[in-house]
Amino acid sequence: MDRKWQEAWTKARIFEANANEQEKFFITIPYPYISGSLHIGHARVVTEADVYARFLRMKGKNVLFPIAFHISGTPVLGISLAIKNKDPQKIDLYKEYVRTYVKNEEEVERIVASFEDPQKIVDFFIPKMKDEFSTLGLSVDWRRSFTSGDIEHQKLVEWQFRKYRKSGYLVQGKYPVLYSVALANAVGEDDIIDGDLDPVEKQEFVLVKFPFGDQMLVAATLRPETLFGQTNVWVNPDVTYSVAQVGKERWIASEECFDKLILQEYNVTKTGTVKGRDLLGKYCTAPFLEKEIIILPSKHCDPDRGTGIVTSVPSDAPFDWMSLKTLQDSEDLCTEYHLDHKEIRKIQPIPIITSKGYGDLPAVTLCQKQGITSVLQKKELTEATQEIYKVGFHTGVMKETCGQYSGMATTKARDEMKAALLTGKKGAIIFETSRPAKARDGSKVVIAVIDKQWFLDFTVGKWKEHAREALKKMEVVPEKYRKQFEDTFLWLDKRPCARRRGLGTKLPFDPRWVIESLSDSTIYMALYPLCHLIRQYKLQEKHLTEDFFDYVLLGEGKADQCGVPRKVLDALHKEFSYWYPFDHRHTFAAHLSNHLSFMIFAHVAIFSKHQWPKKVTFHGMVLSEGEKMSKSKGNVVTLLEVNERYGADTFRAFMCNSTSVESTCNWETAEVEKMKNHLGTLCRILESCIAHRATGPLPKSTLSLISRVERITAQATEKLAAMELRDYATLVLFELMNWYKKGTRKLTREDLARVNEYILTRWLLLLAPLTPHLAEELWQKAGKKGFISIAAWPHADISKINAIAEYKEEFIENIENDIRTVCRLVNVQPKEITLFVADHWKSELVSLVKDLLKETHDQKTIFNAVMKTDLRKRGEDVTKILPALLKDVGKIPTFVLGQEDEQATLHDACADLEQTFGCNIKIMMADKTTEQKARAALPGKPAILVR
RNA sequence: GCGGACGUGCCGGAGCGGCCAAACGGGACAGGCUUAGGACCUGUUGGCUUAGUGCCUGCGCAGGUUCGAACCCUGCCGUCCGCACCA
């Protein structure tokens, strides 16, 4: 059934939107990146956008909902490289993908082999992705689809970057990246073994230079603020260090270190070596202290970490403290290294930082506390180091031993001391990975500094100011994300925007660089109004010049210079002006700090104010059976599976009904099955409505049902307009059904048929955005003309909303429940039930109190006010009732019907109640009986006597 | 570390100062319908309470503000998300 309607829609082209006189609505979602089969994560955003788009279309808007595809970046390239390199895993994986579409094994082989060419991957998967998306029943205008590799897109991006450059937003500079020497390339998280599980970060070490004769001993530290506590320098006695000319200086450091420095834009010439052992016992000059300190042995200096030389701060570094202690406690060890044991024993830790609860010598204190007695307790030492770092760094204050930095917070001292080292040429910077890491080919990952990296500099000029202005005017749903935008805008600084590899658009003025994939996808929505027309008019690459885009998008520039007839340009400009800006972008919340923010920046950089984004909405993530979807867990649910097992409507209904748009959706097969089941029931009910219809006046007993239907219509409309899809779905899938069942239970066949006639169209229309296939099918079965997908959204007849009728129904229901409670408590099968309607004066009292409550909740005030009226005559009773009433205002009925109406309502329901309880039911006025029980009656709560 | 969000019944999840023992959905239990199963219908599903439509306890934990708090404030505990060159 799904396929049938999808084809019918395509054939009738009802979702192809063109500029016209109608009010437009242009909704977009992030174009998906090709990565094999689409799964329910991809499907969430499009489904939600589609429900909304369908609603607005039915509301009479000219809705454009397009989808394009993103192919930029390294992943697609990575696939083709892997296949070129005959990577068996990747080949198998892609064979499997292809097999889902192609049955002939030879053909599968041929297709996968062709993937050596990345374009072939794109060519193969794009149509499949469109098909897979289509199985969801999307109301997408596919004519306007393109990929980020298409020439139209590339030309647009080139135009965008030329604009950036003219505005001074593009700058060049040095930049550290994760790098593999063997691959001679930068590597991303995906390229690193376990890069996703244990991310590799870039750490900045400060190199500290120790004058040592005419050379410099170079140590590396993460904590320059501790340098006043230096007592000695550690070198590894078993390591042979290198000596190298670095600029005008001669440095001593590990060979590995120099290799890294070479990659980090240092001018290094290795000139010789020196054994660690030979440095022991000698002295070098410590920066800040400006005095000689001794060089001592430590086997824990790793030549592949920093420089392989470590400056020792035993007061704050547990490793240093234990190393020092080992040496001090062992005369033999000193003798082995030809050190004067007495001298070594004189070395004392220097207190430098006071931090909460650790005293002056946190390393000493903590080692004692944790029972650390040996340098070999590596794990404990590392933990202790981290703890001191955390506490010392965030709560610490520099002591009087720290010269001009005394009294300063450690965080501040750190920055200032680092700066002092750098400006005084006593220090430098080296980048290290936060953990040892290997690329997928096994090669070591280090950090390289790229020179002349292109950046987008968000801090230039009024860029941020404009972005904030755009944000201010933009609708953000949920509103709580606005603050997150503001915060993001604050820390956005310079962003590298080009790489040396990957698919995408080349920088027009520096074609060695490819524009990075998040930077090339910030204004592509501007192509949706145009792309199919550019193709229709057969415009070529040579036409898509700066002038072309200037004119079509901005209405400025020299229109005659691009070789496109003015008429065509005007047609394009007109279409563009009609649609742009987009009215709504629906996105994953995780995209906020990058894609969405860049999108806003790009728009304010390129477009004028009236073309800035109008609205952004966010959805939550999708879990599968309570867990993140991943191939390794095997819980990825593809759209192909969804289509096979459940069909589009079940998917849509589940997705929208299971959770609110902004929350996490948990896909649980058992729950989805239930939804499928429910839709089956719903379908049967609607079919019986179709089969059994008649025109004619509706009986009085359906007043409340009609009221509810109208109310639900109004609510559904409201919820949809606010994109509160869960509430909408619950209303039309469940509430409407429940009220229908309840409200039609006791109707005659004839009345039922009339209700059916009334409700059927309404119900189908309300369902149409959510379950379009089901709605379309039943619409046709009911003999309605045209597609329900483009039928007019129903108006709620507010005048039929009858709160009193609804209340009366609840009133009777409450009585039923109360009678049941009483019967259960008394434990009798009732033979006769008497209902006593409360006295007239009680209605007066409750009405009065209800009014008074609008003003105050103060018991005294209310009591006094009541006593001023005629009710004073009932003073004693009032004193009894009032406190109870005020204690729980829930007891006060929504409407005070009054004695007459209450009695009449009970009379109307009497027959039903008698049937329900299988006994005779008497209704009496409480003031017309001597029965004690009757005195308990309250408005809305008749007293009940069971016999 | 920085920034943000969340914590409600057997479960998913509403509620965002009074109408809350808590919408809606699901599960479980009991009954009806049925050859049976499914579907469907009815009732029950925190504790106490056998003349009663009530009372008590309860919305992560501990306090506070208020006539009144799941909802506001403070602290604590726990869970999740984002932090850029990655799509």
Side-chain angles (χ1 to χ4, degrees), chain A residues 30 32-35 70-76 175-178 186 188-191 195-196 199 201 389-390 393-394 450 453-456 478 480-481 483-484 487-488 490-499 502 516-519 521 589-595 597-598 620-621 657-660 662-664 666 668 670-671 674-675 677-678 680-681 684 726-727 729-731 733-735 738 741 745 814-815 817-828 853 856-861 884 886-894 916 932-933 936-938 941-946:
Chain A
Y33 189 86
I34 359 178
S35 55
H70 199 203
I71 66 162
S72 311
T74 46
V76 168
Y175 189 68
V177 292
L178 295 171
E189 193 180 281
D190 294 341
D191 308 316
D196 48 339
E201 279 159 39
Y389 185 87
K390 212 162 128 183
F393 190 63
H394 292 282
I450 307 276
Q453 165 73 47
W454 286 97
F455 294 89
L456 278 173
K480 67 180 178 188
Y481 285 116
K483 170 117 183 23
Q484 214 146 315
D487 292 345
T488 305
L490 273 181
W491 63 255
L492 275 177
D493 186 17
K494 293 188 181 65
R495 182 192 162 81
C497 62
R499 315 185 54 173
E516 178 271 331
S517 54
L518 275 181
S519 305
S521 53
H591 292 154
L592 188 149
S593 64
N594 45 52
H595 168 72
S597 295
F598 302 159
M621 62 173 177
N657 189 247
S658 75
T659 188
S660 59
E662 66 198 84
S663 310
T664 304
N666 187 9
E668 284 180 293
E671 297 292 318
K674 278 163 203 156
M675 179 56 82
N677 222 335
H678 182 80
T681 308
R684 274 193 299 282
R726 179 182 212 265
D727 293 342
T730 305
L731 284 167
L733 289 174
F734 294 101
E735 300 223 350
N738 289 348
K741 279 184 190 167
R745 204 169 355 185
N814 287 339
I815 289 168
N817 284 329
D818 290 345
I819 294 174
R820 251 182 228 117
T821 314
V822 171
C823 290
R824 202 174 323 119
L825 281 166
V826 182
N827 201 13
V828 292
L853 278 173
T856 176
H857 274 80
D858 183 61
Q859 204 159 330
K860 236 181 196 167
T861 319
L886 292 177
K887 190 179 170 219
D888 185 0
V889 283
K891 279 183 195 141
I892 298 172
T894 323
T916 306
Q932 275 301 307
K933 194 98 266 124
L938 280 172
K941 275 221 179 283
I944 300 161
L945 181 68
V946 179

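Each chain gets a letter, A, B and so on, in the order its sequence line appears, and its residues count up from 1.
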Determine the contact category for A:Glu668: base if any of its heavy atoms lies under 4.0 Å from a base atom, sugar-phosphate if only primed atoms, P, OP1 or OP2 are that close, otherwise nothing.
nothing

Is the backbone N or O of A:Arg726 less than 3.5 Å from a side-chain atom of A:Ser660, with the two atoms forming a donor-acceptor pair by type?
no

Who does B:C83 pair with, Watson-Crick or G-U, both distances under 3.5 Å?
B:G1

When you get a sec, tell me which of B:U42, B:G27, B:C40 is the closest nucleotide to the side chain of A:Lys741?
B:C40

Nearest-nucleotide pick for A:Leu945, side chain only, options being B:A51, B:C86, B:G82:
B:A51

Considering only B:A51, B:C24, B:A14, which nucleotide approaches the side chain of A:Ser663 most closely?
B:A14

What is the nucleic acid contact for A:Pro942, judged by heavy atoms within less than 4.0 Å: base, sugar-phosphate only, or nothing?
base

Considering only heavy side-chain atoms of A:Arg726, the closest of B:C86, B:G54, B:G13 is B:G13

Report yes if at least one side-chain N or O of A:Ser660 is closer than 4.0 Å to OP1 or OP2 of B:A14; otherwise report no.
yes

Applying side-chain hydrogen bond (donor to acceptor under 3.5 Å, both in side chains), run through A:Thr730 and A:Asn657 and close with a yes or a no.
CA-CA 6 Å; A:Thr730 305; A:Asn657 189 247; 2.9 Å; yes

Within the 4.0 Å heavy-atom criterion, would you say A:Lys483 contacts the bases, only the backbone, or no part of the nucleic acid?
sugar-phosphate

Mind checking what makes ring pair (Phe, Tyr, Trp, His ring centres under 6.0 Å) contact with A:His591, not counting sequence neighbours?
A:Phe588

With a non-hydrogen cut-off below 4.0 angstrom, is A:Ser593 in contact with a base, only sugar-phosphate, or nothing?
sugar-phosphate

Measure from the side-chain N and O atoms of A:Glu516 to the backbone N and O of A:Leu518, and report whether any donor-acceptor pair falls under 3.5 Å.
yes

Is A:Arg499 near enough to B:C86 that one of its side-chain N or O atoms lies under 4.0 angstrom from OP1 or OP2?
yes

What's A:Ser519 touching, base or sugar-phosphate or nothing? Going by heavy atoms closer than 4.0 Å.
nothing

Among B:G13, B:G43, B:C86, the one nearest any side-chain atom of A:Arg820 is B:G43

Between N or O atoms, less than 3.5 Å apart, protein on one side and nucleotides 15-18 of chain B on the other: list the pairs.
residue	atom	partner	partner atom	Å
B:G18	O6	A:His857	ND1	2.6
B:G18	N1	A:His857	ND1	3.3
B:G18	N1	A:His857	NE2	3.4

At less than 4.0 Å, is any side-chain N or O atom of A:Thr681 found next to OP1 or OP2 of B:C40? Yes or no.
yes

Taking 4.0 Å as the cut-off, does a side-chain nitrogen or oxygen of A:Asn657 come that near to OP1 or OP2 on B:G12?
no

Choose from B:C86, B:U53, B:G3 the nucleotide whose nearest atom is closest to any side-chain atom of A:Asp818.
B:U53

Taking B:C83, B:C81, B:G27 as options, the one with an atom nearest any side-chain atom of A:Met621 is B:C81

Searching all strands shown, indicate the nucleotide that pairs with B:A30 (Watson-Crick or G-U wobble; both distances under 3.5 Å).
B:U42

Where the side chain of A:Gln484 is defined as all heavy atoms beyond and including C-beta, which of B:G4, B:A84, B:C81 is the nearest nucleotide?
B:G4

Interatomic distance where NE2 belongs to A:His591 and C1' belongs to B:G82 [whole Å]
11 Å

Does some side-chain heavy atom of A:Met675 sit less than 4.5 Å from a side-chain heavy atom of A:Leu733?
yes

Which part of the nucleic acid does A:Leu731 contact within heavy-atom distance under 4.0 Å: base, sugar-phosphate only, or nothing?
nothing

Are any side-chain N or O atoms of A:Thr488 and backbone N or O atoms of A:Gln484, one a donor and one an acceptor, separated by less than 3.5 Å?
yes

Rounded to the nearest angstrom, tell me the gap between atom CD in A:Glu662 and atom P in B:G13.
13 Å

Regarding A:Val946, tell me which of base, sugar-phosphate or nothing describes its non-hydrogen contacts under 4.0 Å with the strands shown.
base

Base, sugar-phosphate alone, or nothing: which one does A:Asn594 contact when heavy atoms must sit under 4.0 Å apart?
base

Base-pairing mate for B:G75 - Watson-Crick or G-U, with both contacts under 3.5 Å
B:C61

Base, sugar-phosphate, or nothing for A:Ile819, non-hydrogen atoms under 4.0 angstrom?
nothing

With both distances under 3.5 angstrom, what nucleotide forms a Watson-Crick or G-U wobble pair with B:C19?
none

Got a donor-acceptor contact below 3.5 angstrom from the A:Gln453 side chain to the A:Ala498 backbone?
yes

Give a yes/no on whether any side-chain N or O of A:Arg745 is located under 4.0 angstrom from OP1 or OP2 of B:U42.
yes

How is A:Ala943 classified with respect to the nucleic acid when contacts are heavy atoms under 4.0 Å: base, sugar-phosphate, or nothing?
base

